[in-house]
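Each remark here refers to the structure printed beneath this line.
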2 protein chains.
Amino acid sequence: MSFAEQARPIERRTLYDELVERVRGLVVEGALQPGEKIPERELCERFGVSRTPLREALKVLASDGLVQLTPNRGATVARLTVEDLEDVFPVMGALEALAGELACHNITDEQIAEIQDVHRKMVACYEARMLPEYFQLNQRIHELILEAAGNRTLSAQYSSLAQRIRRARFMANASDARWKQAVSEHEEIISALESRNGEALASILKLHLNNKFHSVRKWLISQENGTRKG
Amino acid sequence: MSFAEQARPIERRTLYDELVERVRGLVVEGALQPGEKIPERELCERFGVSRTPLREALKVLASDGLVQLTPNRGATVARLTVEDLEDVFPVMGALEALAGELACHNITDEQIAEIQDVHRKMVACYEARMLPEYFQLNQRIHELILEAAGNRTLSAQYSSLAQRIRRARFMANASDARWKQAVSEHEEIISALESRNGEALASILKLHLNNKFHSVRKWLISQENGTRKG
DNA sequence: TAATCGAATTTTGAATACAAAATACACTTT
DNA sequence: AAAGTGTATTTTGTATTCAAAATTCGATTA
């Protein structure tokens, strides 16, 4: 281990930012369902902390759009409405298009190779109809493109939005036909990356996301009509 | 007053979200300078609140990028580096381009008229070389375009970034030549809006922002070289 | 039986308390 | 005088406390 590595500042975390991550995990992974009340006392007990740092974390998550705070009434997991979706997707589209352009400028051969590798694994999961694994690898590819773009602000903004719609995106894994189409779009994404064609990548990413949007939107509408209780 | 207006829920605010706004104001307006330590105790006294809600507010502002929190060492106003700027501007460009496209689809004649009105006032301020007023109206026009786009997520993301660079943007109000150019770019923005030409608006907004970027960047670099103290 | 009321309980927002860490500063020791 | 050391003070992170608001729930009334 080099001096530089050994002598880097000791990472210290506060309870509060540990909790931001943990509670975000509960929300994003769906352990806490949309609309559900966030049980402050219970979480304090489970995490073994007092209310102060937990409440700080909830406020941050609320400003991120994952949690809804109502004065004197506590926190609930934010519900995703069709209107939310219609707002979020175009913004993600613009961000992903930008990511595509930047990535084509900055990406290294190694990074391309890594993405290709993940892509191959993802196709294998598709062929085996292993949806959760497919979904995971799919997300990973988009993360890697973002990373290759080399813009921290872009990554932060994108992933904040991505988290908000993550569960809906997963739940809405629609028809087999759509799944097949998604895989073929991914093929195009990879080849645009390989040829470092920024414009092409931007446009296929946008298209890909737009298709996803329609599928998620359809699912969400069916949900809203199905479960009338708010 | 209609029933709908009269019967809307009574607005209740918590100290915490009042403080988010107030402290954000101090940071954005420059009452607290970049890099400066945020005096927790003093702010508590000035606002007449305890540390709990203030600290909650600081955490939200930190997640927004306006404040930097260092464990056991408290909060400072975030410094804007050239790297930050280089990350933030392209993202704002993408968002503003999207706003332009959406605005052209959705804007009403009344909204166009309002923007034209603000624009005329802005030009008057330019001619009178009233920089602060010009700056204010300039910002207002961009806000109105965002509003016309009718996408809350877009507005939120954009304004979060805009606030981060607001002061630098103001300070960097560069040469008279650039100022003149900026006004003429605004003329083009207005006419693209009038003709509801989304693509044209997107591209002129992007160009406008890019020019601004270079001028802010130049100023920021001169700052960094001038005041060596961190 | 369904709606209404009201006290008991719980939850929430905010202030305060307290221990650990950081900082300031007087005092050595070269 | 400069650098180091140890102690007092302040600041910070977190827990606890407290009052106000919301919720629960049994009793009461229509």
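Proteins get letters first, then strands, A, B, ... in listed order; numbering begins at 1 in each.
- Of the candidates A:Arg73, A:Arg46, A:Arg55, A:Arg55 is the only one forming a salt bridge (Lys or Arg N to Asp or Glu O under 4.0 Å) with A:Glu40.
- For A:Arg73, the listed nucleotide lying nearest its side chain is D:dA22; candidates were D:dG13, D:dA22, C:dA14.
- Taking NZ from A:Lys212 and CZ from A:Arg217, the interatomic distance works out to 15.5 Å, rounded to the nearest 0.5 Å.
- For the pair A:Lys37 and C:dT12, the criterion of a side-chain N or O lying under 4.0 Å from OP1 or OP2 is met.
- For the pair B:Ile38 CD1 and D:dT11 C1', the computed distance is 15 Å after rounding to whole Å.
- Comparing B:Pro71 and A:Thr70 against DNA chain C, the residue whose closest nucleotide sits nearer the 5' end is A:Thr70.
- A:Arg13 has its CZ atom 22 Å from the P atom of C:dA20, to the nearest Å.
- Separation of atoms CD1 (A:Ile165) and OG1 (B:Thr153) is listed at 10.0 Å; rounding is to 0.5 Å.
- A pairwise comparison of heavy atoms in A:Val20 and A:Leu61 identifies O-CD2, 4.0 Å as the closest pair.
- One atom, CG of B:Leu15, and another, C1' of C:dG13, lie 8 Å apart when rounded to the nearest Å.
- Residue-level contact check: A:Lys59 touches neither bases nor backbone, having no heavy atom under 4.0 Å from any strand.
- With respect to the salt-bridge test (charged N to carboxylate O, under 4.0 angstrom), the residues B:Lys59 and B:Glu56 do not qualify.
- To the nearest 0.5 angstrom, A:Leu144 atom CG is 12.0 Å from A:Ile112 atom CD1.
- Rounded to an integer number of Å, the gap from A:Glu40 CD to C:dT10 P is 16 Å.
- Rounded to a whole Å, the CD atom of A:Glu42 is 15 Å from the P atom of C:dT10.
- A:Asn151 contributes a side-chain N or O that, together with a main-chain N or O of B:Asp87, makes up a donor-acceptor pair within less than 3.5 Å.
- Within residues 49-56 of chain A, the residues that place at least one heavy atom under 4.0 Å from DNA chain D are, in residue-number order, A:Val49, A:Ser50, A:Arg51, A:Thr52, A:Pro53.
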Is there a side chain to side chain contact (heavy atoms under 4.5 Å, CB included) between B:Leu205 and B:His142 once you walk through the steps?
CA-CA 9 Å; B:Leu205 283 172; B:His142 290 275; 4.1 Å; yes
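- The stretch residues 17-25 of chain B has no heavy atom under 4.0 angstrom from DNA chain C at all.
- Applying the side-chain hydrogen bond (donor to acceptor under 3.5 Å, both in side chains) test to A:Tyr16 and every residue at least two apart in sequence or in another chain returns nothing.
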